[in-house]
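For reference, the structure is listed below as structure tokens.
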Amino acid sequence: MSDDLPGSPATAPDGLTAPHAVYEACLERGVLAFQACARCSAAIFPPRGRCSQCGADALTWRASAGRATVYSTTVLTPRDRAAHAVVLVNLDEGYRMMSRIDDSEVAIDERVTVEIAQVDGRALPLFVRNGGDR
Amino acid sequence: MTDERALRGRVAIVGVAESDLGEVGPGVTALDLAEQASGRALDDAGLTIADVDAVFSHSAFYAMPTVTLAERLGVRPRYTDSTAIGGSSFLAHLRHAAAAIDAGLCEVALIAYGSNQRSAAGGLVPSAQNHIPSYETPFGARLPVSAYALAAARHMHQFGTTREHLAEVAVAARRWAQLNPAAFEQSDLTIDDVLGSRMVSSPLTVRDCCLVTDGGGAVVVTSADRARDLPRPPVFYLGGAEAHWHTSISQMDDLTMTAASETGARAFDLAGLRPTDVDVVELYDAFTINTLLFLEDLGFCAKGEAGDFVTGGAIAPGGRLPVNTNGGGLSYCHPGMYGIFTLIESTRQLRGEAGDRQVSDVHVALAHGNGGMLSSQVTVLLGDDSTL
Ligand SMILES: [Zn+2]
């Protein structure tokens, strides 16, 4: 297995193989997990069974450093809670995900960092602004 | 047939109709509206249920849509297709019907839709219960509007598109709606009205979002040969293309470039036409950003330039390009899935029966459907007798 895959090695919790179950179990342990393809090195998210770039049965679990750049953002102001931004972020490892930033001032191209939080009894990868730090 | 070009002009739309639209009130079901539209479209075509041997439908309100609708109508089809790709389904149904009719698998196809989402639910009814995990819903996005808002925000960031540009689309739709007695929203609307409306998911306000109405529509399709014996002027199928590149907005590679860039190019190639040949454009405008994205992706203007392209009433009545001449999903009617209405309005414009909103000298119409979160895109080119 290649050492130059994106992210750092991660292991699936014992006994788990189903893609979403592994992802959630990793989050509960404080790890933002994604997959990388041992054949084509693509970073893959959301979790799945085979590489959706090359089709290989060669996906391996990786841990993300959780550092990202905001690709787009939209602010919602629900009646029952504070305004928040729903964002699409590009992780440095080369994949994109949706998340939330509880700061409606966040802008496209800003650098942000994951902060895994317990929300309604489950671990969720939220993001926070870096405040100018790269 | 080994080349899809052979389908050009081989089938025609011979009947179209809407059901009652707007707010039909309690007790009227989605199936009632699909039935009503189907009956009216067959009347328009000069055909009856005895002629129909193929049924095409999609619904968020009842399972096995063609099976359910056919029983209600009293049709026993030999060809059936419930392709479910959101609001673009009905344009895909037309392409599938064209191929099936040309291959001799059926002769008269009925494409139909009905929804009572305004009276029944007061909100968008999702197309299907989702029993697989979502990597988006836990974050508080208001889908689908937030998905389109993310695309709008990115388009603004990348190309300098403004909220005023988005508002131009809503205002143009309203001005067309004011010429259409069937349109739900008839009151005056200004750019400032749109900008000052309640923000739903920035940068989109409630006036950047489609209506929530009841309504149904139906389209009857048959071979070009048979179409020439029917009472209405045939509206010929010239070419169509389908594509989808993602389902979740977070998996859309470039938020400013939809699969319409593929379907438009393919449909024009099949029809042997270019954007400058199109006389009326009927786009699925679930949100104002859709119209900008599709004008670019379908080749009516360059990528990033749709904001300028629509400015100054350029797609409104009297403008340089007639777009969404019925008032669109923004001001005419949006019963959950709007796609079939792009075909109905295209047909009426080509037949010259669009009343006060009739565009002069219409020979080619483009209908474009969108489904999901800018996910599924289907483009169809239609023409009158002069295009053959
Ligand atoms: Zn691969």
Side-chain angles (χ1 to χ4, degrees), chain A residues 18-24 27 32-34 44-48 52-53 68-91 94-102 104-110 116-127, chain B residues 130-163 166 197-206 208-209 244-258 287-289 293 372-375:
Chain A
H20 184 68
V22 172
Y23 172 70
E24 292 238 289
L27 272 183
L32 178 61
F34 69 104
I44 300 295
F45 186 85
R48 63 199 67 188
S52 52
Q53 290 295 312
T69 303
V70 175
Y71 176 65
S72 195
T73 176
T74 179
V75 176
L76 294 102
T77 312
R79 289 194 184 90
D80 54 345
R81 47 172 299 217
H84 64 273
V86 168
V87 291
L88 297 178
V89 295
N90 290 334
L91 277 296
Y95 68 98
R96 184 180 297 162
M97 67 184 299
M98 183 178 281
S99 186
R100 192 180 87 207
I101 294 179
D102 288 328
S104 56
E105 298 298 309
V106 66
I108 291 175
D109 288 345
E110 233 184 276
I116 297 173
Q118 285 290 324
V119 179
D120 299 330
R122 69 186 276 201
L124 269 190
L126 305 184
F127 279 76
Chain B
N130 219 339
H131 294 292
I132 57 169
S134 169
Y135 298 85
E136 297 190 344
T137 53
F139 299 108
R142 189 169 160 188
L143 297 173
V145 56
S146 294
Y148 291 82
L150 287 162
R154 185 71 201 179
H155 201 278
M156 291 166 74
H157 174 79
Q158 219 163 305
F159 300 116
T161 305
T162 63
R163 288 188 57 212
L166 296 169
S197 298
R198 176 173 56 86
M199 194 62 81
V200 179
S201 190
S202 71
L204 301 182
T205 72
V206 67
D208 289 292
C209 300
H244 46 76
W245 295 347
H246 67 273
T247 179
S248 311
I249 198 69
S250 54
Q251 298 304 301
M252 182 171 175
D253 281 346
D254 178 349
L255 281 182
T256 69
M257 173 80 80
T258 75
F287 302 91
T288 50
I289 185 64
L293 288 170
M373 314 292 162
L374 289 168
S375 315

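Order of the sequence lines fixes the chain letters, A, B, ..., with proteins taken first and strands second; residue numbering starts at 1 for each chain. Note that the structure is a prediction, hence the values are computed from the model and not measured.
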(message) Is it the case that over 12 heavy atoms from other parts of the model lie below 6.0 angstrom from the CZ atom of A/R48?
(response)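 Yes, enclosed.
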
Is it the side chain or the backbone of [X] that comes within 4.5 Å of chain A heavy atoms, both, or neither?
X      : answer
B/M252 : backbone
B/V145 : neither
B/I249 : both
B/D254 : both

(message) I need the residue from A/M98, A/H84, A/R100, A/R81 with the largest number of non-hydrogen atom pairs under 4.5 Å to chain B.
(response)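 That would be A/M98.
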
(request) State the OG-NE2 distance between A/S72 and B/H155, to the nearest 0.5 angstrom. (result)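 If I round to the nearest 0.5 Å, the distance is 11.5 Å.
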
(request) Under 4.5 Å heavy-atom distance to chain B, tell me which part of A/F45 shows up: side chain, backbone, both or neither. (result)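 Both backbone and side chain.
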
(request) Check each atom of A/P125 against the heavy atoms of chain B and say whether the ones under 4.5 Å are side chain, backbone, both or neither. (result)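 Contact with chain B: backbone and side chain both.
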
(request) Enumerate by number any residue of residues 132-141 of chain B whose heavy atoms lie under 4.5 Å from heavy atoms of chain A; in the absence of such residues, state 'none'. (result)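 Hits under 4.5 Å: B/P133, B/Y135, B/E136, B/P138, B/F139, B/G140, B/A141.
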
(message) Quick one, A/P46 and B/Q251 - any side-chain contact, counting heavy atoms below 4.5 Å?
(response)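 Counting from C-beta outward, A/P46 and B/Q251 do come under 4.5 Å.
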
(message) Between A/T77 and B/M199, is there a side-chain heavy-atom distance shorter than 4.5 Å?
(response)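 No - every pair of side-chain heavy atoms lies 4.5 Å or more apart.
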
(request) Check side-chain contact (heavy atoms from CB on, under 4.5 Å) between A/T74 and all other residues, then give those that pass, not counting sequence neighbours. (result)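 Expected list: A/L76, A/V86, B/S146, B/A149, B/L150, B/S201, B/S202.
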
(message) Once side-chain contact (heavy atoms from CB on, under 4.5 Å) is applied, do any residues pair with A/R96, and if so which ones, sequence neighbours excluded?
(response)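 Per chain and number, A/R96 pairs via side-chain contact (heavy atoms from CB on, under 4.5 Å) with A/Y71, A/L88, A/N90.
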
(message) Using the ring-ring contact (aromatic ring centres under 6.0 Å, His included) criterion, which residues pair with A/F127? Sequence neighbours excluded.
(response)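 A/F127: no ring-ring contact (aromatic ring centres under 6.0 Å, His included) contacts found.
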
